[in-house]
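Contents: one structure, followed by commentary.
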Amino acid sequence: MIEVVNKPYSYSFKSYASKNKNILCLSGDLTSSCEVDIFRDEYPKQFISMGMAEQNMMSFAGGLAMSGFIPFIHTFGVFAYRRPYDQLLASIAYPCRKVRIMGFLPGITTPAGMTHQAIEDISIFRTIPNMTVIETGDASEVESICEEVDKIEGPVYCRILRGSVPRLFNTPLKIGDIRILNRGNDIMLVTTGICTEEALRARAAIASAGISILHVHIHTLKPFKEKKIIDLISNVKFGVITMENHLVNGGLGTIISEIISKHGLSKKLIKLGLNDTFAHGGSKQYLAKYYGFDAYALINSIEDFIGQKLNINDKDLETARIENVHSLSKAEAL
């Protein structure tokens, strides 16, 4: 049974930021939605409400960092780059300010549709010079993200999971590292974010069908440790499958394809994720299935690799966690 932790970011940020008065919590009018309302109430002198003005918030954060403060920007991922892109580059990335941008509701983790779903954020942030890009995949990574990014002098963008988050790992996130979750030599499976939990649903059934999977979880998308990945890719028989809660162009799948091409690795690659499309509203489980990056999509991709059916059905898969799409306090899950 997977442990589920309620609001791991809320309590870990409060514990971390309360120890250093130079850490300032900036909110783009999404304080409770980004789980920093408890911190606001207990440490009001370290909290700044910037309102629905993301462009100003980016420039303001850059100025705070220049003055010796460590600003943490809290907003939904889409609002961290779509509107304030120019200020993000000019005030934070170009001068390499120590600003932490905590982007909530990554990909299809919200049913609110394209206006709130950050589906191209990784592709944009990883092209920005000086920017580190992190994606959390479980409660342990969410709990350790603040302490870990403190080691980075430049700006950092983090995809943060909120609400009820599963604990998949018993060790904290370490920037630049990778997690090898299973050893195998047939197919290499590379997952990030919420797709790691989804892949775990199918892994036992795949193993029972006689397929040996090398499963790697990635949380640091930039800088990316190529050497470790090259060695792993070189040692699998059929090829690589990537699963990501993001467009397949520009994100994890593109990173792996760049490595395969750059180093001349003769391996087939299948990329699972959003394929040149925006997502509509719906639950996380429904959208992952609809757009083809759930456990069944993984099984279908493996069947394509090996050229035969695995005959895996619903009963063979681990039960998915069912989460309420709506809540009494946030009718639109915002």
Quick one: do Leu269 and Thr242 satisfy side chain to side chain contact (heavy atoms under 4.5 Å, CB included)? Show the steps, please.
CA-CA 8 Å; Leu269 171 65; Thr242 59; 4.0 Å; yes
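Under the 4.5 Å side-chain heavy-atom criterion for ILVMFWY residues, a single connected hydrophobic cluster contains both Ile73 and Ile23. By the rule that hydrophobic residues join a cluster once side-chain heavy atoms approach within less than 4.5 Å of another member, Leu221 and Tyr81 end up as members of one cluster. Both Phe60 and Ile92 sit in one connected hydrophobic cluster of ILVMFWY residues. Membership requires side-chain heavy atoms under 4.5 Å apart, directly or through other members.
Under the salt bridge (charged side-chain N to carboxylate O under 4.0 Å, His left out) criterion, the residue pairs touching residues 295-310 are Glu303-Lys309, with sequence neighbours excluded. Among residue pairs with one or both ends in residues 92-106, those qualifying as salt bridge (charged side-chain N to carboxylate O under 4.0 Å, His left out) are Lys98-Asp150, Lys98-Glu153; sequence neighbours excluded. Listed by first and then second residue, the ring-ring contact (aromatic ring centres under 6.0 Å, His included) pairs involving residues 199-235 are Phe169-His217 (not counting sequence neighbours). Sequence neighbours left out, the pairs with a member in residues 43-72 that pass salt bridge (charged side-chain N to carboxylate O under 4.0 Å, His left out) are Glu54-Arg83. Identified under the salt bridge (charged side-chain N to carboxylate O under 4.0 Å, His left out) test for residues 204-213, with sequence neighbours left out: none.
For Arg40, the side chain to side chain contact (heavy atoms under 4.5 Å, CB included) partners are Thr31, Asp37, Phe47, not counting sequence neighbours. With sequence neighbours excluded, no residue forms a ring pair (Phe, Tyr, Trp, His ring centres under 6.0 Å) with Phe69. Annotation: side chain to side chain contact (heavy atoms under 4.5 Å, CB included) contacts of Met52 (sequence neighbours excluded): Asp29. Every side-chain hydrogen bond (donor to acceptor under 3.5 Å, both in side chains) that Lys227 has, sequence neighbours left out, goes to Asp231. Applying the ring pair (Phe, Tyr, Trp, His ring centres under 6.0 Å) test to Tyr11 and every residue at least two apart in sequence or in another chain returns nothing. Scored by the ring pair (Phe, Tyr, Trp, His ring centres under 6.0 Å) test, Tyr157 finds Phe125 as partners (sequence neighbours excluded). In terms of the ring pair (Phe, Tyr, Trp, His ring centres under 6.0 Å) criterion, residue partners of Tyr291 (sequence neighbours excluded) are, by chain and number, His280.
Side-chain atoms of Ile229 and Met188, non-hydrogen and from C-beta on, do get closer than 4.5 Å to each other. Side-chain contact between Leu265 and Val240 is absent, with no heavy-atom pair separated by less than 4.5 Å. At a threshold of 4.5 Å between non-hydrogen side-chain atoms, the residues Ile122 and Thr192 do not count as touching. Residues Thr132 and Pro223 are in side-chain contact: their nearest non-hydrogen atoms beyond the backbone lie under 4.5 Å apart. Using a 4.5 Å heavy-atom threshold, the side chains of Ile255 and Ile218 count as separate. Contact check for Leu317 versus Ile299: side-chain heavy atoms found under the 4.5 Å cut-off.
Ring orientation note: the planes of Tyr9 and Phe13 are close to parallel, at an angle under 30° on the 30°/60° scale. Between Phe79 and His116, the ring planes are perpendicular. Angles over 60° get that label, and only those under 30° would be called parallel.
Atom NZ of Lys267 has more than 12 heavy atoms from other residues, nucleotides or ligands within 6.0 Å. Shown here is Asn313, whose CG atom has more than 12 heavy atoms of other residues, nucleotides or ligands within 6.0 Å.
For Phe72 and Phe39, the ring centers sit 6.0 Å or farther from each other.
No hydrogens or angles considered: nothing links the side chains of Thr109 and Arg162 as a donor-acceptor pair under 3.5 Å.
Cation-pi geometry between Lys14 and Tyr43 is not met at under 6.0 angstrom from the ring centre and within 45 degrees of the axis.
Partner Arg126 forms a salt bridge (Lys or Arg N to Asp or Glu O under 4.0 Å) with one of Glu120, Glu258, Glu135 and no other, that one being Glu258.
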